Novice: 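One structure follows; several queries about it will come next.
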Amino acid sequence: MGRPGFVWAAPATLFFGLFALVPLVFVVVLSFTTWSGLGDPKFTGLDNWVAIFDDPILIKSLGLTVLFVVLALITQIPLSILLGVWAAGFQRNRAVLSAIYFIPLLLSSAAISVLWRALLDPNFGIPGQLPWLFGDGNLFGKQSSAIGVLTFVAMWQFTPFYTLIFQGAARAIPPVLYQAAQIDGAGTVSQFFNVTLPQLKNSIVTSVILMVVGGLTAFDTVLILTNGGPGTDTTVTPFYMYQKAFRAFDFGQASAIAVVLVLAATAISLVLVRVSGYGKMQSAQDGI
Amino acid sequence: MKNKQRMWLKRSVAGGAAIAVAVTMAGCSGGASAESRPENEIHVAVYGDATNKVEEQIVATFNETSDVKVVLDKIPGADYQQKLQTVISTSSAPDVFFNWGGGSIQEFVDADLLLPLDDFIEEDPGLQDNFLSSVFDTAVIDDKPYGVPMRGTQPVMLFHNKTVLAEAGIEAPTTWDELLDAVEVLSAKGITPIALGGADQWPTQMWYQYVYDRVAGPELFATALAGDTEVWESDESREALGMLSDLIDAGAFGTNFDSVKFTDGGSPALLRSGKAAFELMGSWAYATQQDADPEFAATSLGYTAFPAIEGGKGDPANIAGNTNNFYSVIKATRYPDTARDFLKLMYSDEFVQAQLAIGNLPTTTNTEEFLDTAANPDYSTFQFELVQDAPSFQLSWDQAYPPSAGTPLKVAVQQFFNGQIDADGFISAMQAL
């Protein structure tokens, strides 16, 4: 057996071509047309592209999208590292508690959104019972609290997944590193910052890329929890694309927005891989 | 998982392309042919809500005697329009589908997707003659009928909780000033005067529809819709906005209305539980309340016409809402005769009685004789007279405008209510539609 030939890659390539590249080409074509879903698309040149960059709501949505990604990173990464490292240990009750923490992973986004919508109802949910904490409970009626709710629900939903990544990565750290650190007099905190964190570097880069790309396409929770509101205050770009396509039936402009998202997600992933040195696949355990 | 979301982007892209491919193919074959459609069944798509139990009953009745069976596809309400728009030109299109007549099917008619019903009516004149002509005409486009009325007419009314009003010692308001007084009394008692599902946006829009109609008459909106957007800047428009501001500033809707929905049962529950006293809502609110608590609907659910506004141009008898829903038939259907026979049930006694039993008001000519068999004869009679006596029936704004205006319209409506934009902001948003 030599190196696997092209034939080995054929099924995956075919799939990727059929379900990713071909549609992408169609979307790019559609972005130069006007089409409501009925009849044939009509070419309108650059009209859609001029329109979307002249659209204050799109510009605002791009800013909001970036904000949501940053909020997701600063809430989810530290929490999932701590939980993951803890779950990688051998404490009493760890298995039971870890199993409970992973429950959100088993639920669909729609179920999670409906659940939190009901729990956060201002009159019949948690805020209605805790007025000293939530005031009038108008969580979905103000931009700051609506963003807070979306960030919190994303954290609740996705932290278990990243915890799983960090648990696996933390388990893979050779115990000999900790033993050596102990001999050098490092305490628990010092071990965490000098051994565990550096060893998790590649997992952190992976998680950040997944979060950034996931955040750039987050849509379902926005649709169900806030519907982009109040006003357009939580209208992130993927949701705005949905509104253009399936509410306004302007598939041309929606496709133009889709292309913007694809380019942004690809560019950011490439930059992250390059800057972090992840692409070189360096070992974090040289010399062991 | 995050990579699921990544997949979502790919899938949405794939979806877009699939549509593009479908169009290309449709362009070649000239649309889906009857042979490619399922055998011995026709699909009827309806808007999913509490009224579905009548549709299920009618379908069951029809299937007892028909060889070609009717399959009822209930599409969750919030997704109805986009689902319809994306399937209607494909081979998965429903044979018969629910719609709002007029503007909601105009584009399908233009694309030559719908079956004109003249042949059906020639074979059975009852398909036209048994309906109130003013309602039937809503689905007549370019002099051809494209829809048969189904369900009922849905005027928007001011509902109230009788128990709450009695405890507060107030009567249901008949004028705007009485409404403002009621708001003051109820607020002082710690009750949210008016339940509002602001997160859904369209319930908020209902307040504009009525206040604009009362202050300026139906002409202002009709003029704006026809393209003369200057009228949004008129004194009457500003007066209407000022009155809405007064109501909001008086605390009529409380402070957290933008976190409440009608569609998830939030605002109806406020009214039912007595946490709120009023709700401005379409006639379907009766079925919604009856579904949740039949006892409450029968004894404590009150309703009145929208209050009159002194000095306003609009006739206080004017109403707003949905004139009716319709069934339309697609051209590609494999069994037009089955569709025709199914449509005949829309004026049957069984249909009229079943609709009346859940509080809907059909617009057939035999409706009046069954009014006393309704679940709540008083409610049905009240509505029937409201519709009969109304000089003007304003179609809901978001249905009157084309779909592309829907989102910006509802965003503006919400933003003016929660103070994100002022009157000038609202006016320019409406002018930009």
Side-chain angles (χ1 to χ4, degrees), chain A residues 19-20 22-27 29-30 35-41 105 109 117-118 120-124 136-142 158 161 210-211 213-220 226-233 238 241-243 245-251 254-255 258 261-262 265, chain B residues 1-6 8-21 23-24 26-27 79 81-82 85-86 88-89 107-108 110-111 113 192 198-201 254-261 264 266 269-270 273 275-276 402-408 411-412 414-415 418 420-421:
Chain A
F19 294 110
V22 172
L24 199 57
V25 170
F26 273 115
V27 167
V29 173
L30 266 185
W35 188 46
S36 70
L38 305 169
D40 296 331
L105 254 187
S109 290
R117 191 81 187 49
L120 296 175
D121 184 279
N123 302 298
F124 305 101
D136 64 359
N138 194 19
L139 292 173
F140 298 100
K142 291 191 291 269
F158 294 121
F161 173 70
L210 287 175
M211 261 180 220
V213 175
L216 285 177
T217 57
F219 158 78
D220 30 19
T226 67
N227 199 15
T232 54
D233 284 352
M241 172 181 78
Y242 164 82
Q243 283 188 324
F246 296 104
R247 298 239 172 110
F249 300 114
D250 186 344
F251 290 100
S255 298
L261 275 174
V262 169
Chain B
M1 291 195 297
K2 282 282 171 175
N3 51 4
K4 239 186 191 169
Q5 297 189 348
R6 186 176 201 171
W8 176 85
L9 175 70
K10 286 183 186 161
R11 249 184 271 144
S12 65
V13 167
I19 294 166
V21 173
V23 162
T24 320
D79 305 326
Q81 197 66 37
Q82 50 264 49
Q85 184 104 4
T86 42
I88 191 122
S89 55
E107 220 188 333
F108 302 154
D110 293 345
L113 292 167
T192 305
D200 283 323
Q201 298 170 329
T255 55
N256 59 19
F257 51 84
D258 270 348
S259 298
V260 179
K261 284 188 177 189
D264 69 0
L270 280 177
S273 63
K275 290 187 180 202
S404 57
T407 299
V411 164
Q414 180 179 34
Q415 288 181 325
N418 69 18
Q420 285 179 308
I421 55 175

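In this text, all values refer to a predicted model and were calculated from it rather than measured experimentally. So you know, we letter chains A, B, ... as the sequences are listed, proteins then strands, and number each from 1. The analysis underlying the following values was restricted to heavy atoms, covering all of them including side chains, and did not include hydrogens, waters or symmetry mates.
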Novice: Just to verify, what does Phe108(B) make a ring-ring contact (aromatic ring centres under 6.0 Å, His included) with, not counting sequence neighbours?
Specialist: Phe97(B)
Novice: Less than 4.5 Å to any heavy atom of chain B: does that hold for the side chain of Thr226(A), its backbone, both, or neither?
Specialist: neither
Novice: Would you mind checking which part of Asn227(A) comes under 4.5 Å of any heavy atom in chain B, side chain (CB onward), backbone (N, CA, C, O), both or neither?
Specialist: side chain
Novice: So what's closer than 4.5 Å to chain B heavy atoms on Ser255(A): side chain, backbone, both or neither?
Specialist: neither
Novice: Quick one: does any side-chain atom of Ser89(B) pair with a main-chain N or O of Leu38(A) as donor and acceptor, under 3.5 Å?
Specialist: no
Novice: Please classify the contact between Thr192(B) and chain A as side chain, backbone, both or neither, with a heavy-atom cut-off of under 4.5 Å.
Specialist: neither
Novice: Using a 4.5 Å cut-off on heavy atoms from C-beta on, say whether the side chain of Asn123(A) contacts that of Asn256(B).
Specialist: yes
Novice: For each of Ala269(B), Ala111(B), Gly406(B), tally heavy-atom pairs with chain A at distances under 4.5 Å, and name the one with the top tally.
Specialist: Ala269(B)
Novice: Please identify each residue that fulfils side chain to side chain donor-acceptor pair (under 3.5 Å) with Gln414(B), with sequence neighbours left out.
Specialist: Gln201(B), Asp258(B)
Novice: Write down the atom of Leu270(B), the atom of Phe124(A), and the distance for their closest heavy-atom approach.
Specialist: N-CZ, 3.8 Å
Novice: Based on non-hydrogen pairs under 4.5 Å, which of Thr407(B), Asp110(B), Asn418(B) is most in contact with chain A?
Specialist: Thr407(B)
Novice: Which residue out of Gln81(B), Gln82(B), Gln415(B), Gln85(B) racks up the most heavy-atom pairs below 4.5 Å with chain A?
Specialist: Gln85(B)
Novice: At a heavy-atom separation under 4.5 Å, does Thr255(B) approach chain A through its side chain, its backbone, both, or neither?
Specialist: both
Novice: If every non-hydrogen atom of Ala248(A) is compared with every non-hydrogen atom of Ser404(B), which pair is closest and at what distance?
Specialist: CB-CA, 3.6 Å
Novice: Given heavy-atom pairs under 4.5 angstrom as the criterion, report whether the side chain, backbone, both or neither of Ala405(B) touches chain A.
Specialist: neither
Novice: Tell me, side chain or backbone of Ile421(B) under 4.5 Å from chain A's heavy atoms, or both, or neither?
Specialist: neither
